[in-house]
Amino acid sequence: MTGLDPLADVGGGAQPLLDVKGLTKHFPIGGGLFAARKLVRAVDDVSFAVGKGETVGIVGESGCGKSTTARLLMHLMPRNAGDILFDGQLVGADFSLRELRRGMQMVFQDSYASLNPRLTIEDSIAFGPKVHGVADADARGLARDLLTKVGLRPEVFANRYPHEVSGGQRQRVNIARALALKPRLVILDEAVSALDKSVEAQVLNLLTDLKREFGLTYLFISHDLNVVRYISDRVLVMYLGQVVELGPVDAVYDGPVHPYTRALLAAMPAMDPDARTQVPPISGDPPNPIDPPSGCRFHTRCPFVEEICAKTVPPLAPVDAHGHGAACLMAVPGSGHSRAPAAGAAA
Amino acid sequence: MTAVGDAALQAAPVHKARGYWTTVVRRLARDPVSMVCAAILLLILLATLFAPYLHLADPYQGSMIRRLRPIGTPGYPLGTDELGRDMLSRLIYGGRLSLLIGILPVILAFGIGTTLGLVAGYVGGKVNTAIMRTVDVFYAFPSVLLAIAISGVLGAGVVNSIVSLTVVFVPQITRVAESVTTGVRNLDFVDAARASGAGPITIMRVHMLGNVLGPIFVYATGLISVSMILASGLSFLGLGTKPPEPEWGLMLNTLRTAIYLNPGVAALPGVMIFAVSICFNMLSDGLRSAMDIRN
């Protein structure tokens with residue numbers, strides 16, 4: 001395939017491809033002549049790492065800051081605080097934003113809005129490589145190759161406009177467009193959420209195949225717990241702009257520690273009609289992120305709430321030695337919560 | 001890598017390569033109303049361009065004994081005006097100035113206004129505030145008053161009226177361009193283009209322009225009729241064209257005294273202005289639906 005060469009590996013296999021530290025985004029709202037300016041704490045001190053070749057899922061309710069996190073990572077909006085290290089390098093210091101854009105690409109949820117209606121599919125895919133200096137003919141060749149890779153015959157689809165193809169096919173085009181810059185990391189922001197189940201399965205299989213073929217790393221953002229379990233190696237649970245639990249996908253799904261994760265998993269419809277959920281595991285909407293609850297942000301909806309929860313912000317504490325961690329006082333030894341293990345006890 | 005996909009569409013016939021503008025023109029050609037309007041405009045344009053070769057009567061040669069002849073008089077197919085000059089000849093020669101003053105300010109304002117609106121809408125923030133508030137200052141004056149004021153300062157003449165009309169239309173087009181751009185700017189494909197590392201100028205050229213040009217163009221073509229009427233007003237006040245120069249607006253004004261004596265002839269310049277503006281409006285409507293390739 002002609003076109004760009006992928007960015008070179010810098011830190012070796014042990015260094016995380018993406019290392020996020022203290023990522024914070026506050027949106028100011030209102031703030032008229034007389035009204036006080038308020039802040040929406042969309043993403044608040046989020047830290048995590050994504051290893052090379054890994055797929056990390058991010059789950060959470062609507063409005064928990066998943067998509068904002070994705071846009072912050074892509075540098076599509078300025079952040080208030082935090083460092084984003086790509087393969088150990090800092091954008092601006094070690095390499096340019098333009099280079100980062102080659103290393104990191106994103107697939108958006110709305111397959112239609114994310115394609116320019118005035119450009120043919122081929123032009124849309126070839127745009128990125130052309131920006132990075134690939135000749136027109138080569139970029140078009142690359143676009144056609146990529147269409148084949150995502151399962152679309154170029155002679156049928158290359159010259160069509162986005163409105164002339166189905167939703168599933170459009171999302172394949174978006175995936176091809178993201179891959180055209182030979183990225184090392186692809187952020188999939190609800191990329192399969194708008195597709196119907198059969199098409200969703202096809203696209204998920206395609207993503208798995210492409211990951212193997214191109215040696216990709218995925219950050220997979222979704223509200224669909226089953227899909228995240230299927231595709232992810234590790235999972236990150238977000239609530240009101242914060243990480244409440246993270247760890248290997250099986251550890252989190254089989255042994256959730258944080259009450260929010262437990263409620264989220266319990267809300268999944270069971271396949272067995274005898275095991276159907278009778279009582280809603282969690283009720284109400286998440287609190288307003290403009291004025292989030294003090295202490296643990298989940299304490300207003302938590303069944304195990306105690307006085308201490310409204311006062312102390314729980315740190316993300318390790319649950320086991322394999323990277324499973326949760327931000328709940330019940331998991332912190334000697335935190336003062338009655339269910340917490342005694343101080344000094346092994347985690 | 002297995003090819004998974006909708007079998008039916010995979011087997012669809014090979015799609016012919018066709019550019020966006022080719023598609024638009026083909027769609028426009030299938031609309032009879034647009035084609036009729038385009039034909040009328042083309043006819044008027046060609047007639048005014050090749051007027052010297054049409055063996056017309058001298059548009060300046062008057063005759064005191066042949067004043068205000070009705071339409072259909074032998075030798076004067078469209079009658080004569082209040083000074084006995086041939087109306088057909090004057091209408092055709094008059095079209096030269098009228099079309100120039102009607103179209104040129106709109107074209108100039110379209111270029112300037114679209115650029116300003118695109119930059120204001122895409123960059124946003126302080127740049128947007130600076131451009132849009134400046135534009136609002138001009139917008140606050142009624143367009144007739146503004147045109148008269150600028151023409152008055154610059155002095156009479158065709159070039160000065162074109163300049164003053166351009167200044168009148170720039171704020172209006174900028175506003176439309178800015179609001180359309182702001183709408184398109186928030187769509188995901190612009191973010192996707194930014195994520196691919198493209199600079200703002202490339203994004204505006206490749207991704208924004210094609211999506212905002214349609215509505216601005218439709219709005220601008222609607223201004224051509226306004227421009228022609230404003231230009232005639234300037235001429236009437238002695239700030240634009242001067243008699244005996246033929247110009248539709250000016251002719252309409254000078255013939256208004258004859259409206260009771262010979263209404264048919266007196267209305268002719270107005271009919272021309274009306275025909276040209278309605279044709280531009282219909283054509284721009286047709287173009288807008290042809291550009292909306294989603295249907």
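The sequence lines fix the lettering, A, B, ..., with proteins before strands; numbering per chain opens at 1.
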In the structure I gave you, are the side-chain heavy atoms of A:Leu119 and B:Val206 within less than 4.5 Å of one another anywhere? yes
Measuring heavy-atom distances to chain B, does A:Met74 have an atom under 4.5 Å in its side chain, in its backbone, in both, or in neither? side chain
Turns out that what part of A:His132 lies under 4.5 Å from chain B's heavy atoms comes down to side chain
Using side-chain heavy atoms (C-beta onward) and a distance below 4.5 Å, is A:Pro162 in contact with B:Phe189? no
Only pairs of heavy atoms separated by less than 4.5 Å count here; which of A:Met106, A:Gln105, A:Glu122 has the most with chain B? A:Gln105
Within this structure, what is the CG-CG distance for the pair B:Asp188 and A:Asp189, rounded to the nearest 0.5 Å? 8.5 Å
More than 12 heavy atoms of other groups within 6.0 Å of B:Phe217 CZ: no
Return the option, out of B:Ala193, B:Ala195, B:Gly197, with the maximum number of heavy-atom pairs under 4.5 Å with chain A. B:Ala195
Closest contact, heavy atoms only, B:Ala192 versus A:Ser114: CB-O, 4.3 Å
Drop me the distance from A:Phe127's CZ to B:Ile203's CD1, to the nearest 0.5 angstrom. 6.0 Å
Counting heavy-atom pairs under 4.5 angstrom with chain B, the leader among A:Leu115, A:Asp110, A:Val107, A:Leu76 is A:Leu76
For chain B, the option from A:Arg98, A:Arg102, A:Arg71, A:Gln109 that forms the most heavy-atom pairs under 4.5 Å: A:Arg71
Structural part of A:Arg212 lying under 4.5 Å from a heavy atom of chain B: neither
For B:Asn211 and A:Pro117 the tightest heavy-atom approach is OD1-CG, 3.3 Å
Please indicate whether A:Leu97 has more than 12 foreign heavy atoms, meaning atoms of other residues, nucleotides or ligands, lying under 6.0 Å from its CG. yes
Where on A:Arg177 is there a heavy atom nearer than 4.5 Å to chain B: the side chain, the backbone, both, or neither? side chain
Check whether more than 12 heavy atoms from other residues, nucleotides or ligands sit under 6.0 Å from atom CZ of B:Phe141, and answer yes or no. no
Atom CE of residue position B:Met282 - does it have more than 12 heavy atoms of other residues, nucleotides or ligands inside 6.0 Å? no
Might you point out which heavy atoms bring A:Arg101 and B:Arg194 nearest each other, and give the distance in Å? NH1-O, 3.3 Å
